[in-house]
Amino acid sequence: MQWYGYLLIVLAVLVLAGLALVAPRLRRRALPPAPPAPERIPEAAPQVPVTPVEEAPPVAEAPTAQAPVLERPEPTAGRLVRLRARLARSQNALGRGLLAVLARDRLDEDAWDEVEETLISADVGVEPTREIVERLRERTRVLGTRSAAELRTLLTEELVGALDPKLDRSLSATPTDGKPAVLLVVGVNGSGKTTTCGKIARVLIADGHTVVLGAADTFRAAAAEQLTTWASRVGAEVVRGREGGDPAAVAFDAVRRGAEAGVDTVLIDTAGRLQNKVGLMDELGKVKRVVEKHGPIDETLLILDATTGQNGLEQARVFTEVCDVTGVVLTKLDGTAKGGIVIAVQRRLGIPVKLVGLGEGPDDLAPFDPGQFVDALLGSDA
Amino acid sequence: MFDTLSDRLNGIFSRLRGKGRLTDADIDATAREIRLALLEADVALPVVKAFIAALKERARGADVHQALNPAQQVIKIVHEELVAILGGETRRLRFAKQPPTVIMLAGLQGSGKTTLAGKLARWLKGQGHQPMLVAADLQRPNAVNQLQVLGEQAGVEVFAPEPGNGVGDPVAVARASLEHARRVLRDVVIVDTAGRLGIDAEMMAQAAAIRDVTDPDEIIFVVDAMIGQDAVATAEAFRDGVGITGVVLSKLDGDARGGAALSVRHVTGEPILFASTGEKLADFDVFHPDRMASRILGMGDVLTLIEQAEQAFDEDQKQKMTAKLMEGDSFTLEDFLDQMTALRRMGPLTNIIGMLPGMGQMKDQLAELDDSHFDRVTAIIRSMTPGERQNPKIINGSRRARIARGSGMTVMDVNQLLNRFAEAQKMMKQMGGMMGLPTRRKATKSPKNKRKGTKGGGTRPRVGGLPGGLPGGMPALPPGLDPGALDPNAFKAPKLDFGKLTRRKDEQ
């Protein structure tokens, strides 16, 4: 045990020395420009009483030309209805709780606290919650709103606003200049990457695209088999390496194979990695670098488990640093989890949720729509 | 970046510092901050409420200890409450009197059940048992294959009569597995079930059916350490649906604060048996509630740090470094470079520092310090000749210019590095001298602190010295708690630990 003490001291010394050497310099040095903070500037103008009707959430249908996901044979509406049904089944506890509070005669401090807590319980996070509640308060004060229905509309607006419906949520999966579009799927362990890959491939193929899957998860036992099973169901080709091989090499081969075969989309499934494992994140960086030798990656999707708490934000941050995440897929939304973390992710990092996973069925993947999501979250058809 | 729970608590406590007694208003303000901090750490709301209620009760009650300052009181209370919720003691697995012992794993999709099954099997095998894995996850594509691969890696038999991928009845498999286990004399049967949602009535009924046919001695609920507020709903659903006798926290090697540990422990009332801390089969450990509580409270997860350090530093390096420190003066740039490389193998710097006691407040400063700055320092040192690294005094103006050119930095950067290194070297000498002494010497400590106050140049001066009589006079503080953490300006707080650590070494 004795040298443990020494070792620790050595470490501490080292850290100190490191700080002594580096930290003071930092303060003098102009910090490198922070990554563009795409934080949504709240267009809060409490003095301007905008009627709720005018601000009705613009449920913008993504242009279908850019969004092959929407062009699946099965009508999109069907999926959204199911999304709503599922969310209503599992999540109206939140909606009920909120509406019960808001329907009270008098909105006292306790009521607002309850609203706040209910949002926090949905994993929205403390800071976004406070902001939403603050704005809701101001607007009820300004508008003199008292009725539950009006309050509901306001709340819906606030939540939709927090999700910024104007962001482009289409999936770029169409080939450019004859080169296949490359989609990289990343995430922490057990978030549902392989399953989502399978589902996306299915959607794309149903849509008339040709797809090559790259099984770059060479680490987890039987991950490649899992992907192969998905692929064989829809007849997609899978490029795989040996277990424990270099994932970057597999990804590279997959893209090359895709280009040779002239397919539309190459979908690369990577191994799950926790965002604080430097080595694994470096590996992911390498996958990205190597794949980009073929050309830019069109889309990097971060898979976020809806049950994830505030750590989801950190996941999104680190993965974005390493491989420029362009969209989030929120999985396992069919459970009791509310997935409120996406509000925080979008607020902080400006990464839109593009797709939601709603279960283990092969077609349980739907495009994300803020208006519908919030409506379903609040548990009624208004 | 998010403030972690320990940062928040430390922030609160530093505000409390300097007050003589806790007023009701203090308690309320503190309670609110702690509440928010816990919520941000993903502790579920009902649990937070219970925690806060207990906290207020105790803070107002007779427990208030006159000998401690308010901050210390709150830390003490918070720590005790955390340990109480986390379960105080760890429990061992329960084995059946009549083998085979049946262990059933249940949890959400992707919580890590199959991987855990492999780890558990390997661990049990290491304990001298004859485990057998049962592939009752017939839902997810290739879960059976995955279990077979894991079983092979662990050297454990896998009972998989059904191919999976939606084919076969998991209840029948579970039933058949028991007979098979008796026939081939396996004393532990680990049943890996499919991931399921708490609200999926059909799947929960299936899990209950598996439970009924196997009569498990342990039903282990596997939960992801980074789960958020949903932890309570999920745990309740599983508790009511299949019953839970133990919990395993998976992915604890992530940087989630593990609020789920508190939540699940509180809701189920069942102990957390194991912690799953990595992707390899060996990354598996008995859960230590005290460690967890310490980590959450920002008292530093020293043991984990040491474990990581053990992996990162090889034996030679340890010996060499210890020797260097003992000698006190031969710490060179070369050594610094070595250590820096080794340290960086342990992961991001902020994580490591977060684990050191009392370093909570430094995180803010460190947030702006990413690892690329270390690359620059490395570049400068690498641009020196071996001679220069051994003896930086020989570096004159033209050498500086050369080094700056070689590393792509400015001469000013090189100068700063050299100056700070010289100061750090002085500090090392003192520390080495201190460590070389078998007994603790308070006399050497205070001058040391004063001197160090000047070290950083631009760094803030220490406020006050060490709280007097600290070493002996704080029996009421939780172990490992560093009063330096209470100092609002404790940029140099870690140094206080050196004294404490040497002390600890003496005690052991």
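Each chain gets a letter, A, B and so on, in the order the sequences are listed, and its residues count up from 1.
Using a 4.5 Å cut-off on side-chain heavy atoms (C-beta onward), A:E225 and B:Q146 make no contact.
Contact of B:I227 with chain A is made through backbone and side chain together, with heavy-atom distances under 4.5 Å. If you measure heavy-atom distances from B:Q148 to chain A, you find no contacts under 4.5 Å at all. Heavy-atom distances place the side chain of B:K49, and not its backbone, under 4.5 Å from chain A. Heavy-atom distances place no part of B:L147 under 4.5 Å from chain A, backbone and side chain included. Only the side chain of A:V188 comes within contact range of chain B, with heavy atoms under 4.5 Å apart.
Put simply, the side chain of B:K251 never gets that close to the backbone of A:L274: no donor and acceptor are under 3.5 Å apart. The main-chain N or O of A:T307 is never found under 3.5 Å from a side-chain atom of B:D230 such that the two would form a donor-acceptor pair.
When every heavy atom of B:Q229 is checked against every heavy atom of A:I120, the shortest pair comes out as CG-O, 3.2 Å. Of all non-hydrogen atoms in A:S121 and B:L45, the two that sit nearest each other are OG-CD2, 3.2 Å. Across every non-hydrogen atom of B:Q109 and A:K332, the tightest pair is O-NZ, 2.7 Å.
Summarising the geometry, atom CE belonging to B:M226 is positioned 6.5 Å from atom CG belonging to A:N189; distances are rounded to the nearest 0.5 Å.
Crowding of B:E152 atom CD: a count of heavy atoms from other residues, nucleotides or ligands under 6.0 Å not exceeding 12.
Among the candidates A:L227, A:T308, A:T228, the residue making the largest number of heavy-atom pairs closer than 4.5 Å to chain B is A:T308.
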